[in-house]
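In what follows, a single structure is set out as C-alpha cells and then discussed.
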Amino acid sequence: MSAELLDTPAASAAPAGPPHPLAEFWTSFRANRGAVIGLALIVAVFLMAVFADVIAPHPPNLTNDAAFLKPPFWQAGGSLTYPLGTDAIGRDILSRLIHGARLSLSIGVAVVAVSILVGTMLGLVAGFVGGATGIVIMRVMDIILTLPSLLLAIVIVAILGPGLMNAMLAVAVVVLPHYVRIARAAVIAEKSKDYVTAARVSGAGPLRLMLSEVLPNCAAPLIVQASLGVSTAILDAAALGFLGLGAQPPSPEWGTMLADAREFVLRAWWVVTFPGLIILVTVLAFNLVGDGLRDALDPKLKR
C-alpha cells in the first residue's frame, strides 16, 4: 500500500510554490520590448560614464590649434583621430560626450533623489495628517505647478546665480510637486485599508504607521515617476545649460555643448547634432524604462 502511494504522481511531485516577486517583476518587465531596449541603453550610458577616462580617446578639455571644426571621419577632411569631429576650439566631441554622460546622469539622479525624498515626506504628511497642514502643503504645490517649469527654474537660478548646483536645486523644486501629489494620493488610498487599521489598533504611532505600514505600499508609483523624472531632470538641466544658467564652460555638459555650438550650426552640423542626439537617446531610454516599470508594477496593467 505504501509503495503504491509513493509511485503516484501526486506523492512524488512536490507542490510548486508561488514565483519569487523579482522573477514575476522581470517577467512582466521584459514583456515590454521597448523597456528592455531602454534599459540596455541606460546601462550603456552608465558604463560610458563610469569608464569615461578609459573609453574617451582624448581629455575632454584638450584643445588642438590645428583641428578647429574638423568634420567626422566619414566626411572629407575628417580623421579617425577625432571620430565625431571637433568643436570651434579643437576639442574632441566624442570625448566630451562621453565625459558629459557623468554630469548629465549625476544631475538626473541627484535631482530625483532630492525630489523623491522631500516630495514623499511632504506627501505622507499631507495625506496622513490632512487638515490645515495638508491643505497648506498642497496649495503651495499647486502654485508651483501653475508656473511654467522652465521659467520657474530660470527665475530660481537667476536669484541664486548660475552654476551646476543651483541649476540642480532649481530643477528639483520644479519637479517636486509631482512626487508630493503622487505620494499623497497613494497614502489616502492606503491609510483606510484593514492592515493600517489593525496596526493602529495594536498601538502603532503615527510615525510608525507612515513609515513602516503605508510608505512601503506607496513605492510603486513613486518608482515609476522617479524613472520618468530622471529624463525630465536631464532635459531641464540641458535647457538651463543651453541658456548659460547651468553648468559653466569648459564643463562638458550636454546642454552647455549645445550652447557653445549655436553660432556654428550652419557650417558645422556635427557640433550640434551629436549632443542633441545623445540627449534624445538618453531621455527616450528613461521614458521607455518608465513605461516598462509602470506595466510591471501596476497590477491593472500587467499582461
Side-chain angles (χ1 to χ4, degrees), residues 32 34-35 37-39 41-43 45-46 49 100-123 140-158 160 162-186 218-243 245-247 253-259 275-295 297-298:
N32 188 327
I37 294 173
L39 180 61
L41 290 174
I42 290 173
V43 170
V45 174
F46 178 78
R102 286 182 174 178
L103 279 176
S104 294
L105 287 181
S106 299
I107 291 170
V109 172
V111 166
V112 167
V114 172
S115 300
I116 199 170
L117 179 62
V118 177
T120 301
M121 292 299 105
L122 291 176
V140 172
M141 296 301 112
D142 289 341
I143 292 172
I144 295 176
L145 284 175
T146 59
L147 301 173
S149 59
L150 184 57
L151 178 60
L152 178 59
I154 291 173
V155 170
I156 294 173
V157 175
L160 299 177
L164 182 59
M165 295 301 297
N166 291 340
M168 291 167 60
L169 178 60
V171 176
V173 172
V174 167
V175 301
L176 179 64
H178 301 286
Y179 297 95
V180 177
R181 291 165 69 93
I182 290 172
R184 176 179 176 270
C218 302
L222 290 170
I223 292 173
V224 174
Q225 181 61 34
S227 64
L228 298 173
V230 174
S231 63
T232 302
I234 291 174
L235 272 180
D236 288 346
L240 290 174
F242 181 78
L243 296 173
L245 299 174
E253 196 268 330
W254 295 336
T256 305
M257 291 178 65
L258 286 173
L277 277 177
I278 197 167
I279 292 174
L280 170 66
V281 170
T282 305
V283 169
L284 178 61
F286 277 104
N287 287 338
L288 290 173
V289 169
D291 289 341
L293 289 175
R294 181 197 60 197
D295 294 345
L297 295 175
D298 191 341

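Remember, it's a predicted structure, so these values are computed and weren't measured experimentally.
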Below 3.5 Å, can you tabulate the donor-acceptor pairs from side chains in residues 108-117 to any protein atom, sequence neighbours excluded?
| unit_1 | atom_1 | unit_2 | atom_2 | d |
| --- | --- | --- | --- | --- |
| Ser115 | OG | Val111 | O | 2.8 |
| Ser115 | OG | Ala172 | O | 3.3 |

task: State, to 0.1 Å, how close Ala183 and Gly119 come at their nearest heavy-atom pair, and which atoms those are.
output: CB-O, 4.2 Å
message: Per the side chain to side chain donor-acceptor pair (under 3.5 Å) rule, what does the pair list look like for residues 222-237, sequence neighbours excluded?
response: Ser231-Asn287
- request: List for me each residue that meets side chain to side chain contact (heavy atoms under 4.5 Å, CB included) alongside Ile42, sequence neighbours excluded, and say none if there are none.
  value: Ala285, Phe286, Val289
Distance, nearest 0.5 Å, that separates CG of Leu39 from CG of Leu288: 10.5 Å
statement: With sequence neighbours left out, the residues meeting side chain to side chain contact (heavy atoms under 4.5 Å, CB included) with Leu150 are Ile154, Ala239, Leu240
- prompt: Of the non-hydrogen atoms in Val174 and Ser149, which two are nearest, and what is the gap between them?
  reply: CG1-CB, 3.2 Å
query: Looking only at atom types and distance, does a side-chain atom of Ser104 sit under 3.5 Å from a main-chain N or O of Ala101, one as donor and one as acceptor?
result: no
Salt bridge (Lys or Arg N to Asp or Glu O under 4.0 Å) contacts in which one or both residues fall within residues 165-186, not counting sequence neighbours: Asp142-Arg181
field: Distance (rounded to the nearest 0.5 Å) between Glu253 CD and Leu164 CG
entry: 7.5 Å
Which atom of Ala167 lies closest to which atom of Gly246, heavy atoms considered: CB-CA, 3.8 Å
task: Mind listing the closest non-hydrogen atom pair of Met257 and Pro275 along with its distance?
output: CE-CG, 3.9 Å
- line: Between the CZ atom in Arg102 and the CZ atom in Phe46, the distance rounded to the nearest 0.5 Å is 10.5 Å
Approximate separation, where rounding is to 0.5 Å, of Leu122 CG and Tyr179 OH: 13.5 Å
- line: Between Leu152 and the options Leu147, Leu145, Val157, the side-chain contact (heavy atoms from CB on, under 4.5 Å) test singles out Leu147
field: salt bridge (Lys or Arg N to Asp or Glu O under 4.0 Å) pairs, two or more places apart, involving residues 166-177
entry: none
query: So, for Pro221 and Ala186, which heavy atoms are closest and what is the spacing to 0.1 Å?
result: CG-CB, 4.5 Å
Contacts of Leu160 that satisfy side chain to side chain contact (heavy atoms under 4.5 Å, CB included) - sequence neighbours left out: Ile156, Asn166, Leu169
query: What is the minimum heavy-atom distance between Ile143 and Thr146, and which atoms define it?
result: O-OG1, 2.5 Å
query: How far apart are the C-alpha atoms of Leu41 and Leu284, what are their side-chain angles, what is the distance that settles it, and do they pass the side chain to side chain contact (heavy atoms under 4.5 Å, CB included) test?
result: CA-CA 9 Å; Leu41 290 174; Leu284 178 61; over 6 Å; no
message: Applying side chain to side chain contact (heavy atoms under 4.5 Å, CB included), can you list everything that pairs with Ile223, at least two apart in sequence or on another chain?
response: Ala219, Leu293, Leu297
- request: To the nearest 0.5 Å, tell me how far Leu222 CG sits from Ile182 CD1.
  value: 6.5 Å
message: For residues 169-179, which residue pairs pass the salt bridge (Lys or Arg N to Asp or Glu O under 4.0 Å) check, not counting sequence neighbours?
response: none
statement: Distance col, row Leu105:CG vs Trp254:CH2, nearest 0.5 angstrom, shows 5.5 Å
